[in-house]
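Note sheet for the following structure.
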Amino acid sequence: MSARQLMKVFVTRRIPQEGMKLLQKASMCDVLVWDSDEPVPRAELLEKVEGAHGLLCLLSDRIDAEVLDAAGPNLKVISTMSVGFDHLAIEEIKKRGIRVGYTPDVLTDATAELTVALLLATARRLPEGIQEVKSGGWSSWKPLWLCGYGLSGSTVGVIGLGRIGLAIARRLKPFGVKRLLYSGRQPKPEAREVDGEHVPLDTLLRESDFVVVSCSLTPDTQELCNKAFFSKMKNTAVFINTSRGAVVNQEDLLEALSSGQIAAAGLDVTTPEPLPTDHPLLRLNNCVVLPHIGSATFSTRGVMAQLSAHNLLAGLTGDPMPSELKL
Ligand code: NDP
Ligand code: DGY
């Protein structure tokens with residue numbers, strides 16, 4: 001195949017070798033990579049995507065009409081190295097007949113594990129404890145010091161019992177969780193495995209000791225967790241979000257945490273990302289913030305890269321993708 005017939009692929013970031021190798025050995029592709037750990041600046045994205053047949057992107061790249069226009073009519077496939085696709089302008093993409101690949105399932109276990117770690121760290125105040133040890137605040141064993149909340153005998157409410165929500169529930173149940181509630185558009189047969197009770201959101205909020213958000217970000221879930229939401233939670237309840245920052249109204253969360261409306265929050269996702277280091281949430285002892293590391297294990301990221309590459313190549317050749325998003 002001559003260079004003129006090669007299909008142009010733009011990869012918006014340095015990705016794990018498992019994925020890069022697949023792209024590099026694909027003889028039909030001419031691969032251009034933004035070879036950095038930091039996001040491609042918008043202007044570079046618009047320039048580099050021009051004429052591309054395939055685009056491999058990340059959740060930090062906003063792929064909207066402007067990018068699609070910049071790419072032009074060659075673009076056949078967008079493969080995102082993420083399960084979330086709220087950064088893609090799906091209607092525009094669909095209108096132009098472009099296929100989309102994503103990475104469900106392969107990151108479910110890693111993200112569920114991280115959610116459990118964040119929940120325990122938040123409820124049992126691990127960052128505060130570590131800080132006290134380092135700063136000399138640990139004077140003695142004290143009966144009332146650094147007490148938190150335990151899972152044993154508790155009620156957990158999961159908002160969005162999808163792949164990750166169910167994997168979180170499976171992991172939490174063996175801690176002695178008494179009731180597992182979930183909310184969502186309809187009851188799910190797979191919830192039986194965790195004795196999950198499908199309840200209205202208000203019931204979940206009133207009765208849960210731990211509220212875990214694992215739904216996707218959609219127009220319906222945007223700022224779902226707002227003042228009214230937090231006002232229905234117990235004062236002793238712990239709020240955990242590993243879905244997307246925009247599911248939460250952060251001003252309202254800040255108020256709920258500062259006023260004692262809820263006990264604590266653990267967030268793997270925020271608005272914006274990164275959260276500015278002077279953000280008021282970071283000054284609160286009862287808020288634990290992680291830098292969006294739900295899927296960050298070496299093996300998971302390797303498999304995500306591999307799946308993204310396979311999706312992209314299948315999109316270029318017109319073959320079935322291992323994980324194609326139904327548009
Ligand atoms: P799924 O599609 O399997 O699950 C999403 C769930 O959200 C579905 O059960 C869906 O319910 C539910 N949902 C949608 N709308 C609502 C609503 N209005 N109220 C309650 N539930 C709702 O996706 P995954 O479990 O694989 O991933 C979920 C999300 O987690 C991703 O979209 C992504 O944003 C985030 N994520 C974050 C990671 C991190 O690093 N922190 C890592 C991976 C994912 P229904 O079945 O009724 O549509
Ligand atoms: C996703 O895949 O949507 C996560 O947020 C990152 O793995």
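As the structure lists them, so they are numbered: ligands from 1, and atoms in each ligand from 1. Given the structure is predicted, the values throughout are model-derived calculations rather than measurements.
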(request) Mind checking whether D268 contacts ligand 1 via backbone (N, CA, C, O), side chain (CB onward), both or neither, at a 4.0 Å heavy-atom cut-off? (result) side chain
(message) Strictly below 4.0 Å, N to O, side chains only: are R14 and D35 in salt-bridge contact?
(response) yes
(request) May I ask you to identify, for S214, whether its side chain, its backbone, both or neither come under 4.0 Å of ligand 1 on a heavy-atom basis? (result) backbone
(message) Between L290 and I293, does the side-chain contact (heavy atoms from CB on, under 4.5 Å) criterion hold? Intermediate values first, please.
(response) CA-CA 7 Å; L290 300 179; I293 53 171; 4.3 Å; yes
(message) Is it the case that ligand 1 has an N or O less than 3.5 angstrom from some N or O of T111?
(response) no
(message) Does either side chain, that of D61 or that of T12, offer a donor lying less than 3.5 Å from an acceptor on the other one?
(response) yes
(request) Report the part of L161 (side chain from C-beta onward, or backbone N, CA, C, O) that has a heavy atom under 4.0 Å from ligand 1; answer both or neither where that applies. (result) backbone
(request) Answer with yes or no whether the side chains of S214 and S243 bring together a donor and an acceptor at under 3.5 Å. (result) no
(message) Between ligand 1 and L217, can you find any atom pair, the residue atom being a heavy atom, that is separated by under 4.0 Å?
(response) no
(request) Looking only at protein heavy atoms, identify the closest one to atom 8 (C) of ligand 1 and say how far it is in Å. (result) G162 CA, 4.0 Å
Table of N or O contacts for ligand 2, cutoff 3.5 Å:
from     : atom 1 : to   : atom 2 : distance (Å)
ligand 2 : 2 (O)  : V83  : N      : 2.8
ligand 2 : 3 (O)  : V83  : N      : 3.4
ligand 2 : 3 (O)  : G84  : N      : 2.8
ligand 2 : 3 (O)  : R244 : NH2    : 2.7
ligand 2 : 5 (O)  : R244 : NH1    : 2.7
ligand 2 : 5 (O)  : R244 : NH2    : 3.4
ligand 2 : 5 (O)  : H292 : NE2    : 2.7
ligand 2 : 7 (O)  : S295 : OG     : 2.7

(message) Using a strict threshold of under 4.0 Å (side-chain N to carboxylate O), is an ion pair present between D278 and R283?
(response) no
When the side chains of residues 39-50 are checked against the rest of the protein, which donor-acceptor pairs come out under 3.5 Å, sequence neighbours left out?
from : atom 1 : to  : atom 2 : distance (Å)
R42  : NE     : E66 : OE1    : 3.4
R42  : NH1    : R62 : O      : 2.8
R42  : NH2    : D64 : OD1    : 2.8
R42  : NH2    : D64 : OD2    : 3.0
R42  : NH2    : E66 : OE1    : 2.9
E44  : OE1    : K48 : NZ     : 2.6

(message) Quick test of your reading of the model: are D37 and R13 salt-bridged, counting only N-O distances below 4.0 Å?
(response) no
(message) I'd like to know if D109 pairs up with R170 as an ion pair, taking the criterion as any Lys NZ or Arg NE/NH1/NH2 lying under 4.0 Å from an Asp or Glu carboxylate oxygen.
(response) no
(request) Kindly check if the number of other-residue, nucleotide or ligand heavy atoms within 6.0 Å of CH2 (W138) is above 12? (result) no
(message) Strictly below 4.0 Å, N to O, side chains only: are R179 and E207 in salt-bridge contact?
(response) yes
(request) Would you mind checking if E91 and K95 are paired as a salt bridge, meaning a charged N to carboxylate O distance below 4.0 Å? (result) no
(request) Please verify whether a non-hydrogen atom of P104 lies at under 4.0 Å from ligand 1. (result) no
(request) Report the nearest protein non-hydrogen atom to atom 16 (C) of ligand 1: residue, atom name, distance rounded to 0.1 Å. (result) T221 CG2, 3.6 Å
(message) For atom 39 (C) of ligand 1, tell me which residue out of R185, H87, H292, Q186 has the closest non-hydrogen atom.
(response) H292
(message) Measuring from atom 3 (O) of ligand 1, which candidate in M304, R163, Q222, E190 has the nearest non-hydrogen atom?
(response) R163
